[in-house]
Protein chains: 2
Amino acid sequence: MDSIDKGIVSCLVANARASYADIGKSVNLSTPAVKRRVDRLLRTGVLRGFTAVVDPEALGWATEALVDIFCRNNVAPERIREHLEPFAEIAAAYTVTGAANVVVHLRARDIGKLETVLERLRGLDMVERTTSTVILSTLLDRRAGVGPR
Amino acid sequence: MDSIDKGIVSCLVANARASYADIGKSVNLSTPAVKRRVDRLLRTGVLRGFTAVVDPEALGWATEALVDIFCRNNVAPERIREHLEPFAEIAAAYTVTGAANVVVHLRARDIGKLETVLERLRGLDMVERTTSTVILSTLLDRRAGVGPR
DNA sequence: CGTGAAAGCATGATTTT
DNA sequence: AAAATCATGCTTTCACG
């Protein structure tokens, strides 16, 4: 993981469909050299894969919320994950410090669907209660990117 | 935006580097037809682009937090966005309902860097106070995906 | 939308540093 | 060990039916 790898990762984050030839021009490497490094980055897990960035609204996925989940007992994170996994509406889920145990990022077709999902969440044995915060607008979204500096 | 487009989007979300020929096999379309549809999906904004999914830890980007920001005055969302944009550590930012005005998803190299960013955030004129929740683990992360059903 | 052709790209084997 | 070159087979891309 040297500075050339970082350059390659940056190129692929910016455009996952860039050709190895184009990436090579950016980092001053031949096409096969870029491919070998990308293959290695995939093998070692630095690169987890390549994906399309979809506009959720364009797919009718307009309503989002951040839900704090307070668990009844001390449930193990892996057990929590197993319970949340079936919820297709969960865009992300985190265990956190603070009063709540888990924060879940929900994405649903509309407020009605959001409510349905919340009811299903509250129906889980491990869930004591939830508090929801509806997202009004997305100001920034760089989650697919690499982060600062 | 018909069912074929949805199939194409699913393929690209699963693997943004899939060839048009392979996608075509999935959706029963010729290679150029797939390309035409992808070009159109990009032009109309349904597809915003293609990106690499990077393991943040592998890049030393290990510490994350969700920060509630309480603004001093009624600041317009676009103005808030302008203030937050320079923070490279912001992975995502949302305006929300509830007590706080904005929720920011921060990603930093370590707790020390996280603190520095929080201090800079609190230094903004518009920010009255913040409350932070440190992320202990990521249970699920489907942010790049398309969502339920 | 499909077909076919031309240009460009991916990728493995081989050679070079 | 890692990169460049080269040769092969696919991919992309576009004009046309």
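This structure is a prediction, so every number in the text was calculated from the model and none was measured. Numbers restart at 1 for each chain; the letters A, B, ... are given by sequence-line order, proteins then strands. Values below: all heavy atoms of this structure, side chains included; hydrogens, waters and symmetry mates excluded.
Between A/D39 atom CG and D/dA3 atom P the separation is 13 Å, expressed in whole Å. Per the geometry, CZ belonging to A/R17 stands 11 Å off P belonging to C/dA10, to the nearest Å. Rounded to an integer number of Å, the gap from CZ of A/F50 to C1' of C/dA10 is 13 Å. Atom CG in A/L42 sits roughly 14 Å away from atom P in C/dA10 (whole-Å rounding). Between the CZ atom of A/R40 and the C1' atom of C/dG12 there is a distance of 18 Å, given to the nearest Å. When the P atom of D/dA3 is taken as reference, atom NZ of A/K25 falls 19 Å away, rounded to whole Å. Here C/dT11 presents its P atom at 11 Å from CD1 of A/I23, a figure rounded to the nearest Å. Here C/dC1 presents its P atom at 8 Å from CD1 of B/I8, a figure rounded to the nearest Å.
The base of C/dG2 sits within donor-acceptor range of the side chain of B/R36, with an N or O pair under 3.5 Å.
In this structure, A/R142 forms no cation-pi arrangement with B/F87, as its terminal cationic atom is not both closer than 6.0 Å to the ring centre and no more than 45° off the ring axis.
Comparing atom distances between the B/L29 side chain and each of C/dG2, C/dA10, D/dT13 picks out C/dG2 as nearest. Here the nucleotide nearest the side chain of B/S19, chosen from C/dG2, D/dA4, D/dT12, is D/dT12.
Put simply, A/K35 has no side-chain N or O that comes within less than 4.0 Å of OP1 or OP2 on C/dA10.
Toward the 5' end of DNA chain D, the nearer of the two residues A/D2 and B/D22, judged by each one's closest nucleotide, is A/D2.
Remark: A/R37 engages A/D2 in a salt bridge, criterion side-chain N to carboxylate O under 4.0 Å. Remark: B/D39 does not engage B/R36 in a salt bridge, criterion side-chain N to carboxylate O under 4.0 Å.
A donor-acceptor pair is defined here as one N or O able to donate and one able to accept, closer than 3.5 Å; no such pair exists between the side chain of A/R109 and the backbone of A/T63.
With hydrophobic clusters built from ILVMFWY side chains whose heavy atoms lie under 4.5 angstrom apart, A/I4 shares a cluster with A/L42.
Contact annotation for B/R37: backbone-only contact, meaning every heavy-atom pair under 4.0 Å involves sugar-phosphate atoms and none involves a base. Within 4.0 Å (heavy atoms only), A/S30 reaches at least one base atom of the nucleic acid.
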